[in-house]
Participant: 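Starting off with a structure, shown below.
Values below: all heavy atoms of this structure, side chains included; hydrogens, waters and symmetry mates excluded. We count ligands from 1, going down the list as the structure has it; atoms in each ligand are counted the same way.
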Amino acid sequence: MAPVPISPINVGHIDDVQELRKSGPATIPERFVRDMTERPTLDTAPPSPNTVPVIDFSRLVKGNKEEHKSEMLELTRACEEWGFFQVINHGIDLSMLKSIEKVAKDFFMLPLDEKQKHQMLPGTVQGYGQAFVFSEDQKLDWCNMFALGLEPHFIRVPKLWPTEPLKFSETVEIYSGEVRKLCQHLLEYIAMTLNLRADFFEEMFGVAVQAIRMNYYPPCARPDLVLGLSPHSDGSALTVLQQGKGSPGGLQILKDSKWVPVQPVPNAFVINIGDTLEVLTNGKYKSVEHRAVTDREKDRLSIVTFYAPSYETELGPIPELVDENNPCKYRTYNHGEYSKHYVTSKLQGKKTLEFAKVESKIATS
Ligand SMILES: O=C(O)CCC(=O)C(=O)O
Ligand SMILES: [Fe+2]
């Protein structure tokens, strides 16, 4: 969520999907209809037993020696083999999860002109609208987003913070404070799975950048033609995703070239490794491509926190994780530069990470 210079880009007309749904529930404008190769196959098969690992956070933190050890092994496996896991018993009060969901939903239910007071300008990633649209002919996602930069404070854009719903800002502040602590703790355990000091990432990151994005996916009459969110990996170090209670599944991750649905686990957070951890671990832990699909009848809400190093941080593979068998795959670069590159590129699988590869041809400025 780096501040982006506003350039005169022409993104064409972007229909608001909630309004589309209201006015003509069966109409899918061409700009939302995906090319054949991108369309989701809507799995009617029973969920595969091969699902994203579930980590019991309380066993990591206060379990006995055996419990801690087995949970650490599961965390290592999750990071190495999946890049995604769900966390249960995370210690964040369930009333907090409920409150953030309520203010998020209430915000999306406001009249369009009210939401548009906080509109996301073309080429930027904060506010209400669709991020990552850079041209007139780019396909659009069946999603409305509302995103805010949170930490450090200089990334905040005060005019984008709504006064309605009444408790919106206060709830975002409290929730995000809790999620920040969870990210810090998770990174401590992740550092330990890599035989690094627990405070390794905390020390390296400085005042970590944190942003929140609420994604609202209205039902879609033709979920087979559209995507809720285009395939991408996150630019963060870690991402924490809360799925709305009672929301249908919709998140899918690319595993062994197949799209695997992430089944919602009540009150859990879905955690994923972002590009930044992939670089730091020299690819030992990889960011995984993911996307969202829509549902014919039900709407879906997700509340997503991105946690990343400060923009000043110089990033590159951690020397302890580079050796003859794992030669250095990524160059060293400034995280602010990467963030700028990320938010000025369209979502396109793991393409943005090319920026960091040693053989990369992409210029750094
Ligand atoms: O809504 C979802 O499940 C996916 C959201 C996501 O990947 C994102 O906001 O980066
Ligand atoms: Fe994502």
Participant: Answer side chain, backbone, both or neither: which part of Leu229 comes under 4.0 Å from ligand 1, heavy atoms only.
Facilitator: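 For Leu229, only side-chain atoms sit under 4.0 Å from ligand 1.
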Participant: Identify, for atom 8 (C) of ligand 1, the protein heavy atom at the shortest distance, and state residue, atom and that distance.
Facilitator: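 Among all protein heavy atoms, the one nearest atom 8 (C) of ligand 1 is Arg213 NH2, 3.3 Å.
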Participant: Taking only heavy atoms of Tyr217 into account, list the atoms of ligand 1 that are under 4.0 Å away from them.
Facilitator: 1 (O), 2 (C), 4 (C), 5 (C)
Participant: Sub-3.5 Å donor-acceptor pair from the side chain of Gln263 to the main-chain atoms of Thr51, do we have one?
Facilitator: no
Participant: Atom 3 (O) of ligand 1: which protein heavy atom is closest, and how many Å away?
Facilitator: Arg300 NH2, 2.8 Å
Participant: Can we say Asp141 and Arg34 salt-bridge, meaning some charged N sits less than 4.0 Å from an Asp/Glu carboxylate O?
Facilitator: yes
Participant: Could you check whether any side-chain N or O of Asp35 sits under 3.5 Å from a backbone N or O of Thr37, counting only pairs where one atom can act as donor and the other as acceptor?
Facilitator: no
Participant: Name whichever N, O or S atom of His290 ends up nearest to the Fe ion (ligand 2).
Facilitator: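 Per the distance ranking, His290 contributes NE2 as its closest N/O/S atom to the Fe ion (ligand 2).
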Participant: Counting each atom of ligand 1 from 1 as listed, which ones have a heavy atom of His290 under 4.0 Å away?
Facilitator: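 It comes down to these atoms of ligand 1: 7 (O).
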Participant: Working note: Asp275 + Tyr330, criterion side-chain hydrogen bond (donor to acceptor under 3.5 Å, both in side chains); need CA distance, chi angles, decisive distance, verdict.
Facilitator: CA-CA 11 Å; Asp275 296 343; Tyr330 309 91; over 6 Å; no
Participant: Identify whether the distance between the nearest side-chain nitrogen and carboxylate oxygen of Glu74 and Arg77 falls below 4.0 Å.
Facilitator: yes
Participant: With a 4.0 Å cut-off on heavy atoms, is Gln243 touching ligand 1?
Facilitator: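 Per 4.0 Å heavy-atom rule, Gln243 does not contact ligand 1.
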Participant: Would a distance-only check, ignoring hydrogens and angles, find a side-chain to backbone donor-acceptor pair under 3.5 Å from Arg331 to Gly316?
Facilitator: no
Participant: If you stand at the Fe ion (ligand 2) and look out to OD1 of Asp234 and NE2 of His232, what angle do those two lines make, to 10°?
Facilitator: 90°
Participant: Hey, which atoms in ligand 1 end up nearer than 4.0 Å to a heavy atom of Asp234?
Facilitator: 10 (O)
Participant: Can you tell me how the ring of Phe84 sits relative to the ring of His290, calling it parallel under 30°, perpendicular over 60° and tilted otherwise?
Facilitator: perpendicular
Participant: Give a yes/no on ligand 1: does His232 have at least one heavy atom closer than 4.0 angstrom to it?
Facilitator: yes
Participant: Please identify which atoms of ligand 1 are closer than 4.0 Å to at least one heavy atom of Leu241.
Facilitator: 2 (C), 3 (O), 4 (C), 5 (C)
Participant: Carefully, step by step, assess Tyr189 and Glu71 under the rule side-chain hydrogen bond (donor to acceptor under 3.5 Å, both in side chains).
Facilitator: CA-CA 10 Å; Tyr189 292 105; Glu71 223 54 36; over 6 Å; no
Participant: Pull out every atom of ligand 1 sitting under 4.0 Å from any heavy atom of Phe306, numbered as shown with elements.
Facilitator: 9 (O), 10 (O)
